[in-house]
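The structure appears right after this line, and notes come after that.
The first residue in the sequence is number 1, and the count goes up from there.
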Amino acid sequence: MMELRKTLAGRIALTAVATVILLFLALPIVVILVTSFSNNAFAAFPPEAWTLNWYKALFADGSKWPAALSLSAFVACLSTVFSLIIGVTAATALTRSELPLRSAVYALVLGPLLIPQIVTALGLFLLFEPAAMLGSPLAIALGHTVLASPIAVLILIATLRGIDERLEDAAASMGANRLTIARRITFPLAAPGMIAAAIFSFITSFDEFYISQFLSSVDTVTLPVQVYNSLTFDIDPSVTAISAILIAFAILALALVALVRWLGSGRQNSLLSVENTAGIAAPGGEAV
């Protein structure tokens, strides 16, 4: 009985501590969301009155926010495409082939995650400045790809390692070539991971500041740079509104990732159940 009480008390205490920590971490987000509806031009908390004026000001005539938002979205889309190409290629090579110096290649691919972002931004500035590419959306997208592609590689490596290779071996034993196996088996099973990699790559690019600051120009200002300019050189309460929108976007993106992975979790299990029902022979000759 004493052990049961200790266990129950421990669980209650752990739950209480975890709840307090989660509430503390979520408190700044709640403050931003509430402040975005305040009528105070200095973004006071708690608000004295409620208004939607700051959300309306985001898309008013002469506002700089729509241009910054559209540029960030365009750059993030380009960076997502580049990151998926690199991620699929690198993850496939690292998990499905006998790649020489695999550890060195793995470290090279993930290296940008260990280097300070401002160092990466300075290096990209020195790279693109002689080529007169500063301010180009393509240059900014390539710079964001340096940071987004390692995240895509990590997600896709975990996804490919989670796919049962017996399914690919079964397809190969029936005469399918590598392209057919990838198109009919590997990529469909890896689709949830690819969607998750695309979403996280998009978010990484969309929120990147240092590279955008170094590579942008007067005419090409991304959303994070515009937020920084508004907080540094002006008092613009619309920043709270755009911050609230970004928070909502991040929550929806994470919810979409969870939904996609949940919907795709049963796909491999269903294929394995079909394989087991069919009795595909294992290398030892016995049915799996």
Side-chain angles (χ1 to χ4, degrees), residues 2-40 42-52 54-55 58 69 72-73 76 80 83 87 110 112-114 116-118 144 147-148 150-159 161-162 192-210 212 223-224 226-228 230-231 236-266:
M2 291 298 297
E3 293 181 357
L4 180 60
R5 290 179 179 177
K6 289 182 179 179
T7 302
L8 181 59
R11 290 179 179 177
I12 294 176
L14 181 61
T15 302
V17 172
T19 302
V20 171
I21 293 176
L22 290 176
L23 291 176
F24 176 76
L25 294 176
L27 184 60
I29 298 177
V30 175
V31 171
I32 290 294
L33 293 175
V34 173
T35 306
S36 66
F37 296 99
S38 173
N39 68 335
N40 195 314
F42 294 94
F45 181 86
E48 299 176 357
W50 305 90
T51 182
L52 294 175
W54 313 131
Y55 289 90
L58 293 178
L69 182 61
S72 290
T80 300
S83 298
L110 302 183
L113 295 179
L114 305 177
Q117 294 183 10
I118 193 169
H144 290 181
L147 298 180
I151 299 176
V153 171
L154 286 175
I155 295 175
L156 291 173
I157 284 178
T159 300
R161 286 178 176 173
M194 295 175 67
I195 295 176
I199 293 175
F200 280 106
S201 298
F202 186 93
I203 294 176
T204 300
S205 174
F206 197 82
D207 291 339
E208 173 55 33
F209 169 73
Y210 290 105
S212 300
L223 188 60
Q226 183 61 40
V227 171
Y228 173 80
S230 298
L231 293 175
D236 189 357
S238 299
V239 173
T240 58
I242 197 68
S243 300
I245 292 175
L246 293 178
I247 291 172
F249 171 75
I251 294 175
L252 290 177
L254 294 177
L256 179 61
V257 170
L259 177 62
V260 169
R261 295 186 69 86
W262 178 74
L263 292 176
S265 61

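- Scanning both residues, A244 and L33, for their nearest heavy atoms gives CB-CD2, 3.7 Å.
- A donor-acceptor contact shorter than 3.5 Å links the side chain of S72 to the backbone of L223.
- Scanning all heavy atoms of the two residues, the minimum distance from A152 to S201 falls at CB-OG, 3.7 Å.
- Among residues two or more places apart in sequence or in another chain, the side chain to side chain contact (heavy atoms under 4.5 Å, CB included) test is passed with A250 by none.
- No side-chain heavy atom of I118 sits under 4.5 Å from any side-chain heavy atom of F209.
- In this structure, F200 and I151 approach most closely via the heavy-atom pair CB-CG2, 4.1 Å.
- The minimum heavy-atom distance between L113 and P150, with the atom names listed, is CG-CB, 3.6 Å.
- We find the CG-CG distance between L256 and L252 to be 8.5 Å, quoted to the nearest 0.5 Å.
- Here OG1 of T80 is found 11.0 Å from CZ of F206. Values are rounded to the nearest 0.5 Å.
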Name the atoms and distances for all side-chain donor-acceptor pairs under 3.5 Å in residues 14-32, with sequence neighbours left out.
{"unit_1": "T15", "atom_1": "OG1", "unit_2": "R11", "atom_2": "O", "d": "2.8"}
{"unit_1": "T19", "atom_1": "OG1", "unit_2": "T15", "atom_2": "O", "d": "2.7"}

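- By the 6.0 Å contact criterion, OH on Y210 is open, its count of non-hydrogen atoms from other residues, nucleotides or ligands being 12 or less.
- Although no hydrogens or angles enter the test, the distance criterion places a donor-acceptor pair under 3.5 Å between the side chain of S230 and the main chain of Q226.
- Remark: L154 CG to T159 OG1 distance equals 10.5 Å, nearest 0.5 Å.
- By the side chain to side chain contact (heavy atoms under 4.5 Å, CB included) test, F37 pairs with W50, L52, Y55, sequence neighbours left out.
- To the nearest 0.5 angstrom, D207 atom CG is 8.0 Å from F249 atom CZ.
- Residues E208 and P224 share a closest heavy-atom pair of O-CG, 3.5 Å.
- From I195, atom CD1 reaches atom CD1 of I155 across 12.0 Å, with rounding to the nearest 0.5 Å.
- Shown here for A241 and L58, the closest heavy-atom pair between the two residues is CB-CD1, 3.9 Å.
- Side-chain N/O atoms of H144 and S212 include a donor and acceptor closer than 3.5 Å.
- The line from CG of L254 to CG of L259 is 12.5 Å long, rounded to the nearest 0.5 Å.
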